[in-house]
Amino acid sequence: MSLTWEELVKTAMENQHLILEQELKKGVPLNYLDDKGQYVLRYPDGHMETASLPEIRQAG
């Protein structure tokens, strides 16, 4: 069964913490959205913190 583009993106977003687990093992902090929609940084030592994305300003 093939998934639509939207279904693929949704699945990747829901499972990004699993997908990126190998990067965490290498020492790279993970950046992802948690189940509450908050931007989270997870460090290799297990420390997690919620961060906010910078606002993008329109030129003009």
Side-chain angles (χ1 to χ4, degrees):
M1 176 174 111
S2 296
L3 297 175
T4 66
W5 176 253
E6 290 81 11
E7 291 169 328
L8 285 171
V9 170
K10 181 181 176 188
T11 301
M13 288 175 67
E14 290 172 350
N15 294 293
Q16 62 187 327
H17 62 285
L18 298 172
I19 295 167
L20 297 174
E21 191 69 31
Q22 293 302 314
E23 295 300 311
L24 183 63
K25 289 179 182 176
K26 294 178 192 174
V28 177
L30 300 181
N31 305 305
Y32 62 93
L33 293 175
D34 66 9
D35 57 352
K36 297 176 186 173
Q38 297 174 316
Y39 183 65
V40 176
L41 299 172
R42 180 175 170 203
Y43 294 90
D45 64 0
H47 171 76
M48 295 178 71
E49 61 184 62
T50 303
S52 59
L53 294 174
E55 291 185 29
I56 299 174
R57 298 181 188 186
Q58 296 292 332

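Just so it is clear, the structure is predicted and the values come from calculations on it, not from any experiment.
- Counting non-hydrogen atoms of other residues, nucleotides and ligands closer than 6.0 Å to CE of M13 gives a total of 12 or fewer.
- Listed by chain and number, the residues in a side chain to side chain contact (heavy atoms under 4.5 Å, CB included) with Q16 are Y32, L33 (sequence neighbours excluded).
- The structure places OH of Y39 at 10.0 Å from CD of E49, a figure rounded to the nearest 0.5 Å.
- Scored by the side chain to side chain contact (heavy atoms under 4.5 Å, CB included) test, E6 finds T4 as partners (sequence neighbours excluded).
- V40 and L18 fall into different hydrophobic clusters, where Ile, Leu, Val, Met, Phe, Trp and Tyr are joined by side-chain heavy atoms under 4.5 Å apart, directly or via other members.
- Under the rule for a side chain to side chain contact (heavy atoms under 4.5 Å, CB included), S2 has no partner lying at least two apart in sequence or in another chain.
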